[in-house]
Amino acid sequence: GENAYLDMCRHVLDNGFKKEDRTGTGTLSVFGYQMRFDLSKGFPLLTTKRVPFRLVASELLWFIKGDTNIRYLLQHNNNIWNEWAFKNWVESEEYSGPDMKDFGLRSQQDEEFNKQYQNEMEQFKERILNDEGFAAKYGELGPVYGKQWREWETTTGGSIDQLKDLIEQIKVNPDSRRLILSSWSPEFIPMMGLPPCHTLFQFYVADGKLSCQLYQRSGDIFLGIPFNIASYALLTHLIAHECGLEAGDFVHTIGDAHIYTNHIEQITTQLDREPRALPQLKLNSEVKSVFDFEMKDIELTGYDPHPSIKAPVAV
Ligand code: THF
């Protein structure tokens, strides 16, 4: 079940160090934490609050496509990366609307500002969707996950399709201890909207089962981690499906595991709830390649979660 996640929440609430952070929000934080999910026991989408699986799946397909522009996400009604692109837009020369400096914090503290912000964000989304030139310039997050997964730049001017190579190696060399994909490319970090939180992952094959371990340098326990667990569980299932393997364990190792101070009330509410049975994942058996999956080929059954719990995202 999801007890590994709930245990981590309790552990950080009880033992977390009060630590300031880049976003100015403040966190309770521990360094180094590991969870394990046996994917044969159900799909690890939390039931103690509703986690929007459609958003998890469309974000993963976006990574797999090698896309780094939020336009695809908006076309799938997925708003989880908007703030990072919006930041580039409002800090650009071309932007002439009201000052949006520190919009993340100010939109929570100042109702009048929040109205302006919501209005600017709506206009921004409209333009990304309807204006291709604008989208190419301001929908772009830089060389983030999709780019590093599919088109890692080499010193000789070529590129490496890490994901394709990884899947190939799982097939031809399943005992390998080098089944690794890294998104951490020091040269490109300064150009990214946000340096990758999911820094590196490794696959492992034993007993006909495919397992995955993720090293996540930084984890937002309330908002991000539930997404991240589901996302890597889905990736593991997709690759296992292509390689004719069963899904094994997902091992989630986190560096700075933190609860934002403005999420503590929400987490406390969540911890009071009784976990329910995990849902099951159904993949369209007619699709063979990881690269051919679309939203309609990915289905979740038996998901009956407690209601969603809203919380502001730190930018
Ligand atoms: N930054 C921070 N502070 N937290 C993160 O989780 C995070 N991400 C990505 C990049 N930077 C981050 C973005 N991923 C939500 C979920 C995942 C995100 C960002 C936001 C979120 O708000 N989820 C809501 C539902 C949102 C909706 O319905 O539109 C939720 O209740 O789960 C870590 O990958």
Side-chain angles (χ1 to χ4, degrees), residues 21-27 51-52 54-63 65-148 183 188-198 217-220 222-228 231 258 260-263 266 308 310-315:
D21 73 300
R22 171 184 55 79
T23 71
T25 312
T27 67
V51 179
R54 291 282 112 195
L55 304 184
V56 173
S58 56
E59 186 201 41
L60 180 66
L61 294 186
W62 180 65
F63 295 152
K65 279 160 51 73
D67 199 341
T68 56
N69 195 300
I70 64 163
R71 194 174 207 208
Y72 173 89
L73 295 176
L74 287 178
Q75 285 164 346
H76 288 84
N77 220 344
N78 186 335
N79 292 293
I80 64 174
W81 281 97
N82 291 356
E83 286 85 353
W84 291 268
F86 182 72
K87 192 160 185 253
N88 288 341
W89 161 235
V90 297
E91 285 171 3
S92 75
E93 294 282 308
E94 256 180 276
Y95 176 75
S96 60
D99 178 25
M100 286 287 128
K101 194 175 173 350
D102 290 330
F103 62 84
L105 285 178
R106 281 163 72 206
S107 61
Q108 292 166 50
Q109 295 158 352
D110 177 346
E111 196 36 53
E112 200 48 43
F113 176 81
N114 187 37
K115 279 195 199 122
Q116 279 186 345
Y117 162 63
Q118 298 297 342
N119 180 40
E120 288 301 322
M121 181 61 99
E122 277 315 307
Q123 290 184 34
F124 176 68
K125 286 165 60 176
E126 281 304 305
R127 276 188 85 179
I128 294 282
L129 281 167
N130 300 319
D131 180 342
E132 217 165 302
F134 184 80
K137 209 163 166 194
Y138 295 108
E140 202 35 71
L141 295 172
V144 291
Y145 301 108
K147 169 83 177 161
Q148 304 306 334
S183 298
F188 290 99
I189 296 294
M191 295 163 228
M192 299 185 190
L194 185 77
C197 293
H198 329 144
R217 66 169 175 85
S218 165
D220 173 347
F222 185 72
L223 278 183
I225 303 267
F227 266 64
N228 306 141
S231 180
H258 51 270
Y260 282 104
T261 46
N262 57 357
H263 295 168
Q266 287 89 330
S308 50
K310 292 285 154 222
V313 63
V315 184

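Q266 contributes a side-chain N or O that, together with a main-chain N or O of K310, makes up a donor-acceptor pair within less than 3.5 Å. Judged by distance alone, with hydrogens and angles left aside, the side-chain atoms of Q148 form a donor-acceptor pair with the main-chain N or O of P143 at under 3.5 Å. Q108 places a side-chain N or O within donor-acceptor distance of the main-chain N or O of G104, the cut-off being under 3.5 Å. Between the side chain of N82 and the backbone N or O of K125 there is no donor-acceptor pair closer than 3.5 Å.
To the nearest 0.5 Å, atom CD of residue E126 and atom CG of residue D131 are 11.5 Å apart. The distance from atom CD1 of I70 to atom CD of E59, rounded to the nearest 0.5 Å, is 12.5 Å. Note that the CD atom of Q123 and the CG atom of N119 stand 5.0 Å from one another [nearest 0.5 Å]. Between M192 atom CE and S183 atom OG the span is 7.5 Å, to the nearest 0.5 Å. Note that the CD atom of Q75 and the CG atom of L129 stand 6.5 Å from one another [nearest 0.5 Å]. Interatomic distance, CG of N69 versus CD1 of I128, reported as 6.5 Å (0.5 Å rounding).
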Steps toward side chain to side chain donor-acceptor pair (under 3.5 Å) verdict (S58, N78): CA-CA 7 Å; S58 56; N78 186 335; 3.0 Å; yes

Side chain to side chain contact (heavy atoms under 4.5 Å, CB included) between W89 and K137, intermediate numbers included: CA-CA 9 Å; W89 161 235; K137 209 163 166 194; over 6 Å; no

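Applying the ring-ring contact (aromatic ring centres under 6.0 Å, His included) criterion to F188, with sequence neighbours excluded, gives no partner residue.
Side-chain contact between H198 and S231 is absent, with no heavy atoms from C-beta onward closer than 4.5 Å. For the pair R106/K101, a side-chain contact is recorded, criterion being any heavy-atom separation below 4.5 Å from C-beta on. Between L141 and L194, every side-chain heavy-atom pair lies at or beyond the 4.5 Å cut-off. Within the 4.5 Å cutoff, no side-chain heavy atoms of V90 are placed close to those of E120.
The shortest heavy-atom contact between T23 and A314 is OG1-CB, 3.6 Å. Considering all non-hydrogen atoms of both residues, H258 and T27 come closest at CB-CB, 3.7 Å. In this structure, L55 and F227 approach most closely via the heavy-atom pair CB-CE2, 3.9 Å. The shortest heavy-atom contact between T25 and L105 is OG1-CD2, 4.1 Å. When every heavy atom of E83 is checked against every heavy atom of N79, the shortest pair comes out as OE1-O, 4.0 Å. In terms of heavy atoms, P196 sits closest to I189 at CD-CD1, 3.9 Å.
Enclosure of atom CD in E112 is not indicated, since only 12 or fewer non-hydrogen atoms of other residues, nucleotides or ligands lie within 6.0 angstrom. Heavy atoms from other residues, nucleotides or ligands lying under 6.0 Å from CG of N130 number more than 12.
A distance of 6.0 Å or more separates the ring centres of W62 and Y145.
F86 pairs in a ring pair (Phe, Tyr, Trp, His ring centres under 6.0 Å) with only one of the listed residues (Y117, Y95, W81, Y138), which is Y117.
Between Y260 and H263, the ring planes lie perpendicular to each other; the angle is over 60°, past the 30° to 60° tilted range.
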